[in-house]
J.: 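Could you have a look at this structure, given as structure tokens, before my questions?
Here is the naming used below: chain letters follow the sequence lines, and residue numbers restart at 1 for every chain.
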There are 2 protein chains.
Amino acid sequence: MSQAEAASGPSRSERTRSSILQEAERLFAERGFEATRLEDVAEAVGIRRASIVYYFRDKRELYDMVLGSVFGGFHARLESALGGTAPLPHRVEAAVSAWVEYVGERPALARLLLREVAGAPERGPALLDHIQPFVDLVRGFIAKLEPHETEALSPVEPAHFASTIAGATVFFVAAMPALLPDRGDPLKPEQLEAHRREMLGIARRLLGVRRTNTG
Amino acid sequence: MSQAEAASGPSRSERTRSSILQEAERLFAERGFEATRLEDVAEAVGIRRASIVYYFRDKRELYDMVLGSVFGGFHARLESALGGTAPLPHRVEAAVSAWVEYVGERPALARLLLREVAGAPERGPALLDHIQPFVDLVRGFIAKLEPHETEALSPVEPAHFASTIAGATVFFVAAMPALLPDRGDPLKPEQLEAHRREMLGIARRLLGVRRTNTG
DNA sequence: GTCTATAGAGAGATAGAC
DNA sequence: GTCTATCTCTCTATAGAC
């Protein structure tokens, strides 16, 4: 944002660009990359298709920007949750809570991640670029642990731990409305909170922590 | 299979049809419905694209047949696991094991399910048709339980239980090779077995069963 | 049953006016 | 910045020969 914009708010250009990203996020999540037409994104924004290309070189670049925005938004949260001086299990639990809360705020992440993960590894290393920061973050976190804390992690591999929590959450958020439509929206605060507690319970079990009541 | 085929084996027609289904299963799983070209399926089988249409009306029908085959294959297994007179937790654990084993044998299921679940509920009720038999099966199972067994289920909702296990497994199988390529194939027997045990542990926790060693 | 050839629709990308 | 118009390519589906 330039100085002038700091006073007057985002420029028209920035508002348009931001709207495109927002609608693209929703549509790519709902329909997938191939099935999403730039025409649909344009219509949702209220502009013409050619205008999208003014902001983003092509469809692929738009998609990459969406992924960057969605995954990037969680990176800071995770960093903050894992930081600090609290005991190891508390920090891991804070990370799990941050994850479930973020998915609740930005459910497009769930569908985008499901789709990306479904893609065969050879095809499209796109995902890896966006996930690598998280892998690095977690590896750094583990590297900085005290020896006695590292031992506490031994019951489970970090990769498996993350996969279980991440998979259970995105599947829950995306699958419930599809498979059990009469069950109510999983994004409703009560449902999400129940899920969060369940994930915390699983996290504690995987970490070998004795069970407590809430998080 | 007709009487003649019972002796001579599958006819050429049946072999071709079966090959188409097999390659389509793999390609739809790896690339998704839209990104899969009938051309690619035909090439993988070693025939021409037009021949596919001789066996399947159109691309959509082929896709539906693939889903039917993949999901249908698990239905019998689940039914058998949930049946019998063993105590409730044992039958649930047998179901979890059957699930993990089936995904291991037919990993296309993982990617197909991830993709289907990612689709917004409004678009394409296709998945529901294939999942409904499972919902019915589980509801029937619960309905037939003794009162004291039903109580044992109370700690967790069946839908949430299934979502957690199913999500964690398909995510694990599909995401590991993509996100941590140096970690080895999750489909290798040791890895799959470790995952199965972990899922059993989670299942027991969700069912409120005291922990034991293996399944 | 499997093929070649082609019709027909759809969507991304580009050029250039305003 | 946003538009209209158009080019070009890709893919499904069909028709009909062998």
J.: Check the distance between C/dA11's P and A/Leu62's CG and give it to me in whole angstrom.
T.: 16 Å
J.: Can you tell me how far C1' of D/dC11 sits from CD of B/Glu43, to the nearest Å?
T.: 15 Å
J.: Can you work out whether B/Glu39 or A/Tyr55 has the more 5'-proximal nearest nucleotide on DNA chain D?
T.: A/Tyr55
J.: What is the distance, rounded to the nearest whole Å, between atom CZ of B/Arg37 and atom C1' of D/dC9?
T.: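 Computing the B/Arg37:CZ to D/dC9:C1' distance gives 12 Å.
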J.: Is it true that B/Arg111 and B/Glu116 have a side-chain N and a carboxylate O under 4.0 angstrom from each other?
T.: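 Salt bridge between B/Arg111 and B/Glu116, a charged N being under 4.0 Å from a carboxylate O: no.
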J.: Strictly distance-based, threshold 3.5 Å: is any side-chain N or O of A/Gln191 a donor or acceptor partner for the main-chain N or O of A/Arg183?
T.: yes
J.: Within the structure, does a side-chain N or O atom of A/Thr16 lie under 4.0 Å from either OP1 or OP2 of D/dT2?
T.: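 The answer is yes; a side-chain N or O of A/Thr16 sits under 4.0 Å from OP1 or OP2.
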J.: Out of C/dT4, D/dT2, C/dG1, which nucleotide sits closest to the side chain of B/Arg48?
T.: C/dT4
J.: Can you sort out the partners of A/Glu25 under side chain to side chain donor-acceptor pair (under 3.5 Å), two or more places apart, ordered by chain and number?
T.: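 Partners of A/Glu25 under the side chain to side chain donor-acceptor pair (under 3.5 Å) test: A/Arg106.
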J.: In whole angstroms, how far is the P atom of D/dC11 from the CD atom of B/Glu34?
T.: 13 Å
J.: How many Å lie between CD1 on B/Ile52 and P on C/dT4, as a whole number?
T.: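 Going from CD1 in B/Ile52 over to P in C/dT4 covers 14 Å.
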J.: Which nucleotides of nucleotides 13-18 of chain D have their base under 4.0 Å from a protein heavy atom (B), which only their sugar-phosphate (S), and which neither (-), written as one string 5' to 3'?
T.: BB----
J.: OH of A/Tyr63 versus P of C/dG12: gap in Å, rounded?
T.: 15 Å
J.: Determine whether B/Glu93 and B/Arg204 satisfy the following criterion, salt bridge (Lys or Arg N to Asp or Glu O under 4.0 Å), listing intermediate values before the conclusion.
T.: CA-CA 8 Å; B/Glu93 287 169 24; B/Arg204 292 189 190 108; 3.1 Å; yes
J.: Check the phosphate of C/dT2 against B/Tyr54, side-chain N and O only, distance under 4.0 Å to OP1 or OP2. Yes or no?
T.: no
J.: Using only atom types and a distance under 3.5 Å, with no angle test, would you say the side chain of A/Lys59 pairs donor to acceptor with the backbone of A/Thr36?
T.: yes
J.: Between A/Phe134 and A/Phe74, does the ring centroid distance fall short of 6.0 Å?
T.: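 Yes, the ring centres sit under 6.0 Å apart.
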J.: Go through the structure and list residues passing side chain to side chain donor-acceptor pair (under 3.5 Å) with A/Glu61, not counting sequence neighbours.
T.: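 Scan of A/Glu61 (side chain to side chain donor-acceptor pair (under 3.5 Å), adjacent residues dropped) gives none.
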J.: Between A/Ser51 and D/dC3, is there a side-chain N or O to OP1/OP2 distance below 4.0 Å?
T.: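 For D/dC3, OP1/OP2 do have a side-chain N/O of A/Ser51 under 4.0 Å.
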J.: For D/dG1, does OP1 or OP2 lie under 4.0 Å from any side-chain N or O of A/Arg17?
T.: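 It does not, given that no N or O in the side chain of A/Arg17 lies less than 4.0 Å from OP1 or OP2 of D/dG1.
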